[in-house]
Peer 1: 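Got a structure here, written out as structure tokens. Questions coming.
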Amino acid sequence: MAKRRKTYNKAKTTLEIVMLAGFMAVVLLVATLLALKANNLKIQEKEAIIKEEGLEKQISAEKERTEKLEEEKKYVKTDKYIEEVAKEKLGLINPGEVVFKEEE
């Protein structure tokens, strides 16, 4: 009976070792997966930062473009612009002005 008990205790100890090794393998696997996920998230963060910087540059460029268009919009409403267009495109002149044309 003592021999059976020793065999039983040895089997129990072996089973405990196997269970502990299995548990450690699972813990190691989970730790590895977490490390991979963390690395992937760092890569995604860097890509997002680069994309954000690019979008900020685009926003800045569009704001500048909007300001220029607003200035042009104001200029188009001025008498000076209307006079320039009338002279250049329609060939009109102000009273008292003399137009000199090149001979062809």
Side-chain angles (χ1 to χ4, degrees):
M1 191 157 171
K3 191 173 187 182
R4 271 190 177 171
R5 191 168 276 194
K6 274 187 178 181
T7 306
Y8 174 76
N9 285 339
K10 192 174 190 181
K12 185 178 174 185
T13 304
T14 304
L15 180 61
E16 288 173 350
I17 291 171
V18 169
M19 287 178 61
L20 181 61
F23 178 74
M24 289 174 64
V26 169
V27 168
L28 183 62
L29 178 64
V30 170
T32 302
L33 291 175
L34 287 175
L36 290 173
K37 185 66 176 175
N39 190 37
N40 189 24
L41 287 174
K42 285 181 184 178
I43 292 170
Q44 287 178 347
E45 179 186 25
K46 287 178 184 177
E47 290 172 352
I49 289 170
I50 291 169
K51 186 176 182 180
E52 180 183 15
E53 289 171 354
L55 291 172
E56 286 174 355
K57 286 179 184 178
Q58 282 182 338
I59 289 170
S60 177
E62 288 300 319
K63 283 182 180 178
E64 287 179 27
R65 185 173 161 258
T66 301
E67 289 174 9
K68 287 179 183 177
L69 287 173
E70 288 296 326
E71 289 174 13
E72 187 176 341
K73 182 179 175 182
K74 288 177 186 176
Y75 177 67
V76 167
K77 293 179 181 179
T78 63
D79 290 340
K80 183 178 179 182
Y81 174 78
I82 293 169
E83 186 178 331
E84 284 178 13
V85 170
K87 286 182 177 181
E88 290 175 11
K89 300 206 176 182
L90 302 175
L92 300 178
I93 59 171
N94 287 326
E97 286 185 332
V98 178
V99 177
F100 295 98
K101 292 186 179 181
E102 275 187 49
E103 291 185 15
E104 295 178 20

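In this chain, numbering begins with 1 at the start of the sequence shown.
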Peer 1: For the atom pair CG (Leu15) and CG (Leu20), what is the distance rounded to the nearest 0.5 Å?
Peer 2: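 It is 11.0 Å, given to the nearest 0.5 Å.
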
Peer 1: Is there a donor-acceptor pair under 3.5 Å between the side chain of Ser60 and the backbone N or O of Glu56?
Peer 2: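 No, because the side chain of Ser60 does not come within donor-acceptor range (under 3.5 Å) of the backbone of Glu56.
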
Peer 1: First locate atom CG of Asn39, then atom CG of Leu34, and finally report the distance between them rounded to the nearest 0.5 Å.
Peer 2: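 The CG atom of Asn39 sits 12.5 Å away from the CG atom of Leu34.
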
Peer 1: Do Gln44 and Leu41 have side-chain heavy atoms sitting under 4.5 Å apart?
Peer 2: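 In short, these two side chains touch, coming nearer than 4.5 Å.
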
Peer 1: Answer with yes or no whether the hydrophobic clustering places Val30 together with Leu28; edges join I, L, V, M, F, W, Y residues whose side-chain heavy atoms lie under 4.5 Å apart.
Peer 2: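 Result: no, two separate clusters.
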
Peer 1: Which residue pairs pass the salt bridge (Lys or Arg N to Asp or Glu O under 4.0 Å) test with at least one member in residues 76-87, sequence neighbours excluded?
Peer 2: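 Listed by first then second residue: Glu83-Lys87, Lys87-Glu97.
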
Peer 1: Between Leu69 and Lys73, does a side-chain contact (heavy atoms from CB on, under 4.5 Å) hold up when you go through it step by step?
Peer 2: CA-CA 6 Å; Leu69 287 173; Lys73 182 179 175 182; over 6 Å; no

Peer 1: Would you compute the distance between atom CZ of Phe23 and atom CD of Glu16 and round it to the nearest 0.5 angstrom?
Peer 2: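 CD of Glu16 is found 14.5 Å from CZ of Phe23.
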
Peer 1: Between Glu45 and Lys42, does any NZ, NE, NH1 or NH2 come within less than 4.0 Å of an OD or OE carboxylate oxygen?
Peer 2: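 Salt bridge absent between Lys42 and Glu45.
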
Peer 1: Atom CD1 in Ile82, atom OH in Tyr75: separation rounded to 0.5 Å?
Peer 2: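 Ile82 CD1 to Tyr75 OH: 10.0 Å, rounded to 0.5 Å.
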
